[in-house]
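Only heavy atoms go into these numbers, but all of them, side chains included; no hydrogens, no water, no symmetry mates. Residue numbering restarts at 1 for every chain, and letters A, B, ... go by the order of the sequence lines.
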Amino acid sequence: MNAVSLQEYLVVSALLFCLGLLGVIVRRNILVIYMSLELMLNAANLALAAFSRFNNNLNGQVLVFFIIAVAASEVAVGLALIVALYRRRQTTHVEDLATLRL
Amino acid sequence: MNLSLLTLELGVIGLALALLLIDLWTPPALTGRLGLAAAIGLLLILALSWNMSGGPPVVGCGGMFARDGLALFFKRLFLAVGVLVVLMGVEYRERLALGFGEFNVILLIALAGMMFAASANDFVLLFVAMELMSVSFYVLVSFQRSRLPSLEAGVKYLILSALAAAFLVFGIALIFGVGNTTNFAALNAEGVRLAQDKLYWLGLLMVLLGLAFKIAAFPLQMWAPDVYQGAPTPVTALLAIGSKAAGFVLLLRVLFVAAPVLAAHWSKLLMLASAVTILYGNLCAIPQRNLKRLLGYSSIANAGYLLLGVAAVNASGAAAVLYYLAGYLFTLAAAFLVICVVMRDNEDIGALAGLSRRSPLLAGALALAMVSLAGVPPLAGFLGKFLLFRALIERGAAESPESFRSYWLAGVAVIGVVISLYYYFAVIRVMYWAKDPPDLSPIIVPARVQIPLAVCLVAMIYLGVMPGAVLAGATEAVKALKF
């Protein structure tokens with residue numbers, strides 16, 4: 001029945017999470033960092049859906065819907081914020097965010 | 001679904017929606033009244049909360065929502081912060097460029113998020129409540145769209161908060177995978193079995209990382225100074241008090257309701273985080289010249305002190321955390337009220353020069369707040385620190401005699417307090433003994449600032465001199481937790 005085992009789903013999910021984290025740390029463009037963050041959230045979604053399937057417990061999938069909804073609202077606000085910053089500074093690079101220093 | 005459980009939260013959300021509608025028909029000149037109306041509404045809800053006290057703990061809404069002493073204690077705390085911050089917002093109104101009506105509404109929504117967090121009895125509600133807070137704060141922090149520091153602070157908060165949320169969600173996924181439930185009580189019932197699974201440990205650790213962001217504790221503390229400096233002052237106050245308190249109530253619930261079996265094992269880890277947080281916050285605060293940034297580092301140090309009470313893993317530690325947060329509320333609210341009035345465009349500490357002659361009331365209030373933060377008796381900050389230290393020593397006495405861990409940590413915390421005396425008293429020195437202050441024009445303090453300021457000062461002294469009532473309330477509240 002199950003060609004793909006729970007372990008394999010979890011490994012993929014952990015890989016996605018680490019890739020996202022790597023992107024947040026390494027990349028310097030705010031938009032790309034933001035995409036990487038979404039990747040991390042979706043890694044968690046994949047893990048939840050897999051656990052939900054293998055534990056026969058639908059609560060996990062319900063939680064996935066919550067996460068998708070919250071992530072969507074976060075993106076709406078976040079992109080608006082990045083656009084507002086771009087209008088002021090004409091840049092989306094983190095190095096240029098240096099007004100707030102000692 | 002028992003809606004009467006949610007009376008306070010529904011009240012705050014209803015107030016927010018009503019303000020949003022009324023704002024449509026309010027001429028711009030009168031929007032200040034809306035802020036006052038919001039403050040009065042919150043006061044009414046606060047009064048209503050005493051009507052709900054007593055009675056056994058109730059768990060409703062599918063086991064997600066707990067109404068117990070702990071939840072009620074924190075809800076009162078949040079409502080009190082809400083009143084003070086809304087009044088601060090009225091004072092700050094002209095500097096917000098536009099959208100003062102929406103500012104109040106989003107502030108109230110963030111407050112509702114904190115109140116839901118106080119009652120969280122399930123990881124789903126924990127996540128949703130935290131995100132309700134976070135998303136509201138993204139908007140609030142960057143509310144001054146024409147001011148670059150505000151936007152920059154907003155983007156920094158956005159990225160780091162989303163990162164913390166990602167850790168939190170992945171942690172919840174692992175916990176759900178191992179425990180097959182997200183309910184705190186159900187997880188606790190199977191605690192011993194779950195504790196054998198390392199995946200469960202990893203999941204909880206990631207959840208704690210997510211919470212460390214909210215309370216601005218090591219290793220996710222670096223956002224605090226930048227965001228505190230850039231955000232509008234009322235928002236900084238809400239972040240410093242409300243968001244931190246919400247983080248702590250969630251931390252207490254996760255550690256001592258969902259996983260008391262693991263909490264004892266993690267005492268060492270929490271102690272380490274606490275020691276690093278205290279030293280980092282206090283040492284980095286020394287060279288700061290911007291008062292809001294200084295308070296950002298001071299807030300990191302205070303998160304460290306509060307973690308002492310959590311790391312003690314006993315009832316007196318948790319009660320001390322609650323008491324400390326109550327004192328911290330009024331102390332910081334007084335400081336931020338003064339900043340709101342005095343520092344209109346220059347937030348450098350030097351701008352306070354001669355404040356004692358410009359307005360003795362404001363100078364006295366800020367001086368008292370700094371003295372209380374530094375932990376000098378007889379103010380609230382002193383007794384709070386004393387209670388936290390005592391809980392830690394109790395923990396040390398209960399441990400095996402060879403282990404001096406708790407005493408070492410108490411020593412580090414005392415060193416932190418001594419360091420903090422330096423920068424807190426530097427602020428007082430500038431106000432009272434600065435040479436040749438450039439500006440000596442008197443500051444007129446409006447009544448809408450005088451009254452909350454007086455309340456804060458009275459509460460600060462009252463909590464320090466007569467801690468009995470609040471401490472008894474805190475001790476009663478932590479009975480919801482297991483150690």
(request) Take A:N59 and B:T181 through the test side chain to side chain contact (heavy atoms under 4.5 Å, CB included) and record every step on the way to the result. (result) CA-CA 8 Å; A:N59 287 343; B:T181 174; 6.0 Å; no
Does any heavy atom of chain B fall under 4.5 Å from the side chain of [X], the backbone, both, or neither of them?
X     : answer
A:S13 : both
A:L48 : both
A:I33 : side chain
A:L21 : side chain
A:R87 : neither

(request) Heavy-atom distances under 4.5 Å only: say whether B:M206 touches chain A with side chain, backbone, both or neither. (result)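 When you check distances to chain A, only side chain atoms of B:M206 fall under 4.5 Å.
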(message) Need one label for B:F176: side chain, backbone, both or neither, based on atoms under 4.5 Å from any heavy atom in chain A.
(response) both
Beyond-backbone contact of [X] with [Y], side-chain heavy atoms, under 4.5 angstrom:
X      : Y      : result
B:V155 : A:I30  : yes
B:I172 : A:L63  : yes
B:L163 : A:M40  : yes
B:L158 : A:Y34  : yes
B:Y138 : A:E74  : yes
A:F51  : B:L174 : yes
B:R145 : A:R88  : no

(message) Whether the side chain of A:N55 engages the backbone of B:G177 through a donor-acceptor N/O pair (distance < 3.5 Å, no angle test) should be reported.
(response)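 Present.
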(request) For A:N57 and B:N180, indicate whether the former's side chain and the latter's backbone hold a donor-acceptor pair under 3.5 Å. (result)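 Judged by distance alone, yes, a pair lies under 3.5 Å.
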(request) Please round to the nearest 0.5 Å and tell me the distance separating atom CG of A:L46 and atom CZ of B:F170. (result)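 These two atoms lie 8.5 Å from each other.
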(message) With chain A as the partner, which of B:L168, B:N290, B:V178, B:V169 has the greatest number of non-hydrogen pairs under 4.5 Å?
(response)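 Most heavy-atom pairs within the cutoff with chain A belong to B:V169.
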(message) Using the ring centroid of each side chain, check whether B:F167 and A:F17 are separated by less than 6.0 Å.
(response)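 Ring centres of A:F17 and B:F167 closer than 6.0 Å.
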